[in-house]
Amino acid sequence: MEFITDFALGEDNAVLLLVLGVLAVAAIVLGAIIPPRLAHHGAAVARRRAESRASRKGSARASDAASTESAEDFAAHEAEEGIAPADEDDPDLLTEEDSDTGDPAVDRNLGRRLGSLVTTATVVAGWVGVPAGLLLLLVPGSSDVRILRIGFFLIGLMAGALAAWRASGMMMSAFGIAPSDRPRAISRFGGLFVATALGIGALPVALSVYFMREDAASPIIAYAAGAAVYALALHAIASLAHGTGHAATMLVGSDENEIHAEDETNPGGPHLRLAQLLRRGPARAATLVALTAALAAAGIRVSVPVFATHGLGITILALTVAVAVALVVALFPHTGREGRERTALRAGQLVPALLGVGGMIAGVALWLPSSYQNLRFTAVGMGSFTDKALTGSDSPVPRSDLQSQITSAISDMSQWITATDESHYANTFLDTLTLYGTHPNALAALGLALGAVITLLAQLLAARVLDPHQSASLRAARSSRTGGALGAMTVLGTAALAAAGVLALGALVLAVLVVLAEGVPALALSLVAFAGLGGLVVIAASAALHTSGAFADRPGTAEPWRDASRTGGAETAVGVQLVAALAALPFLATIVAAVAGASRAKSVWEDRALHAMTPDSVAVLGGIALGVVTIALIASSLLHGLRRLGVAAVVETRAAILDGRDTMDFDDLPLTSRRAGLAPVAIAALMPVVAGFGLGPSALPAFVGTLVLAALATAVASTLAAGLGTSSVRVIESGRYGGPGSWGHSGALGTTVLMGGLRNALGTFISMAALVGSLIGVLSVASMINAMIDGTNEFLRWGVALMALLTLGACWLYEITAPQTDLEDDFGEASKPLFSRAEDDGEDAAESTNPLLMDWADDDEETDGADASDGTDGTDASARAGAAAASGSSRRKKKGRGAKKKR
């Protein structure tokens, strides 16, 4: 037990690290063992059902008598064998044509195609991540520190790849679970999925903290940067694949040919399901790994200088609780009364969140001391004051020698405020006095609680907006009856309002944290990091919702459970985006502290570019502008790739339908998505270098802050807009507002594709891009400062920024020179069926439905009779009849094309 009793940070922290390591290993092992067993059991149960029913039918045909067993005897026989009862039409019944997973709806090549896209993301991450990791060797520090930093960066890349690989296997295993067993397995599967990702992210953190203690902050930041780069690459590929599947399924299959998106005859359906599987499985798992590592790095880096040893302890405690909560969610199956499935699923999120967060807050409040001077400073090298503002000399002074004087000075704080100015020494002196007057246990507990509350409220708000039975979805569906443009306006307006609500909650929490910190910036950012850790616990408690859409929203699952699980991915995405912003903001303290503590430059303009962090500084304004430009460039590059891939998908799908092909293969999707996904990933990784070396280190905090806040706003708005567009389509497909095949359905489908494109370009990808930018900025700020004060020629510094811009230009050129589908009218006979609507049925049919050629007199005579009987206006009735005839003609043309395809 010496590794506990002799641990320098205390036995309590040693126990926490041990528990975290054990839970992380257990989560990884259970995630590798249980899902395949669930799939094997589900496939075996379905196969036994099929064999039993086949045997029963064969016996009935052979006997030609009433000697077959009764339904009650057969049910009793199944109960003895442990087989749940099922109907004759149960989709669990397998045939020889069923897929290897036991789910007839699953393509046999799904695993291969999913693996190819994950491999493509790995290649993109390697192209961007490996050169970025090698550049870390240029960051000042000893050789062992540099090697350790680049090693952890590469470990982060491998951790993201490991999480994506494990998620792919778990998602494929999920397809083997019998449909009748899916509702009860939602929480078990989701809990193991999230716990595995959190375990992969937390295990290196626990090991590094145990062996390096407070010095582990820098390697963990590099580890988080590597994981974030891989998650970013995976989101880029997932976005491009989703745009391809969306265009083929919705625009051609559903809108032009009126084939339901889930119909087996829809040629784009398999590709859309593949993209959704990639986004909800491997991409979400890699994101959780990056988020876990980034929150751990932020908590250690900004809280240890304020909370000393307990800053490490709070971070490790939060990670431990998050992994434990996800595992606890996996223990309890979802059960609920009929008609209350959505409530049961959300209660499975709310109860673990309240219990986990409540227990963590109680533990922190009881564990931390109530007086600041009772914190353990010596174990992390903070046993003495070293700042001249407190010691008055260059020699360090033990804290015990000055604590009595600080305590007495707190009683007359106003005197010290009036006697000091705004210099660095005066601010340090006042901040120290303020810290010694706080209660660390209460502040840390409140920070964790506020982060958990805001994350939970954001997810509940998203659930309310995206619920197909609520007013937002119904309003969007109604507006689609007037056309796709007005439906898109409705969706964007509602999503923007909801995003403003999420941002308002975030601003309110930040204001409360600033007040609680009593104006001390380091304490405020420490509380922001704790808020992110509290939000991570809520994300872990929402484990069932992360994968509910991909797991339960599939043919064969009971419709109420399908309806309840459809919006889970978007709800948790909003929580992930909010927590990612909370993880990125604390790194501003590290960047600002590094810039403010740097030595003076040799010229006035260089010194201003290094130290001037005021709103009127040109460098700061340039950093803000560059943050906005970065978001615009990322969105533009992704939208360009989405357009090119979507156009190719539409043309290929139309050609497949005209040729009578049942399936359509996008064999070049991995190659084309790799080419299109390189530029946005490179922009996110290299723009911090452009800001720091081109505009000056003082521009970097403004760049990071703008990037994080703008990314949060656009990510939340685009995610809610895409989810709301999908909900409106489901409302119309249920039979309301015209039903399938109506003008409203056509408009809603176009709106869904448009909103999906915005989500693909801005959504979680832009949120992770902001996290990557902040992490790269923290890792490279030392090099930027060193280049300003060590006499490096300014042209050399600008040359670094110029090389970064040239690299981005090469990536952009590599993307835009990719082959594109020709949409001009030069295909000869092939261009007409590909790019024009079907011909009218004939001149007589056209005349009969043309309002200008109709014989209105006959209609008036008929309506006059109607007026005499019921008093209605004949003119209005005729107008309605003409409009209905025109509408029917328009939709009959589409039905004709669909019928032609089926023939």
Side-chain angles (χ1 to χ4, degrees), residues 105-107 109-110 112-114 116-117 120 237-280 484 550 555 638-673 676-677 722 725-726 729-730 733 740-741 745-761 818-823 827 830 833-837 894 897-898 900-902:
V106 177
D107 184 3
N109 297 322
L110 181 61
R112 177 188 59 82
R113 294 188 291 131
L114 181 62
S116 66
L117 292 180
T120 301
I237 302 303
S239 297
L240 294 166
H242 188 270
T244 302
H246 226 195
T249 304
M250 298 296 183
L251 295 181
V252 181
S254 297
D255 191 18
E256 295 181 3
N257 294 277
E258 296 186 1
I259 307 173
H260 196 277
E262 297 179 355
D263 196 320
E264 294 182 1
T265 61
N266 193 320
H271 305 282
L272 180 59
R273 288 190 290 271
L274 171 65
Q276 292 172 341
L277 188 65
L278 179 64
R279 182 192 299 277
R280 296 166 179 171
L638 273 176
L639 287 173
H640 181 77
L642 288 168
R643 178 198 65 82
R644 186 174 66 250
L645 291 172
V647 166
V650 167
V651 174
E652 176 65 19
T653 307
R654 288 175 177 171
I657 293 177
L658 291 173
D659 294 341
R661 286 180 282 158
D662 296 332
T663 60
M664 177 184 57
D665 296 326
F666 292 136
D667 293 332
D668 58 343
L669 178 60
L671 177 62
T672 54
S673 61
T726 303
V729 170
R730 296 190 184 280
E733 288 178 346
H745 190 217
S746 178
L749 289 171
T751 299
T752 300
V753 175
L754 173 61
M755 298 301 109
L758 291 178
R759 191 265 311 277
N760 291 330
Q820 301 189 40
T821 303
D822 191 355
L823 299 178
F827 285 118
L834 283 177
F835 304 133
S836 63
R837 295 190 179 274
K894 288 191 175 184
R897 291 195 296 275
K900 180 178 180 181
K901 181 262 175 189
K902 294 178 182 179

Partner set under salt bridge (charged side-chain N to carboxylate O under 4.0 Å, His left out) for R730, not counting sequence neighbours =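 Per chain and number, R730 pairs via salt bridge (charged side-chain N to carboxylate O under 4.0 Å, His left out) with D553.
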Does G484 offer a backbone N or O that forms a donor-acceptor pair with the side chain of T751 under 3.5 Å?
->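 At least one qualifying donor-acceptor pair exists.
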Backbone N or O of G741 within a donor-acceptor pair of the H745 side chain at under 3.5 Å?
->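 Judged by distance alone, yes, a pair lies under 3.5 Å.
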Shortest non-hydrogen contact between [X] and [Y], atoms and distance:
X    : Y    : result
A248 : T653 : CB-OG1, 3.3 Å
L278 : A238 : CD2-CA, 3.6 Å
S746 : D255 : OG-OD1, 2.8 Å
G641 : A676 : CA-CB, 4.1 Å
T752 : G725 : OG1-O, 3.0 Å
A261 : S254 : N-OG, 3.6 Å

So, taking the atom named [atom1] in [X] and the one named [atom2] in [Y], what distance separates them when rounded to the nearest 0.5 Å?
X    : Y    : atom1 : atom2 : result
N266 : H271 : CG    : NE2   : 10.0 Å
E256 : E258 : CD    : CD    : 11.0 Å
I259 : T249 : CD1   : OG1   : 10.0 Å
L669 : L645 : CG    : CG    : 6.5 Å
L277 : H242 : CG    : NE2   : 12.0 Å
S116 : L671 : OG    : CG    : 11.5 Å

Dump the intermediate steps for side-chain contact (heavy atoms from CB on, under 4.5 Å) on L272 and H246, then the final yes or no.
-> CA-CA 6 Å; L272 180 59; H246 226 195; 3.9 Å; yes
From D668, I237, T244, residue fulfilling side-chain contact (heavy atoms from CB on, under 4.5 Å) relative to S673 =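 The option that passes is I237.
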Any side-chain heavy-atom pair of V252 and N257 under 4.5 Å |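 V252 vs N257: side chains touch.
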In chain order, what residues pass the side chain to side chain donor-acceptor pair (under 3.5 Å) check against R279, with sequence neighbours excluded?
->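 With neighbours one apart ignored, the set is N760.
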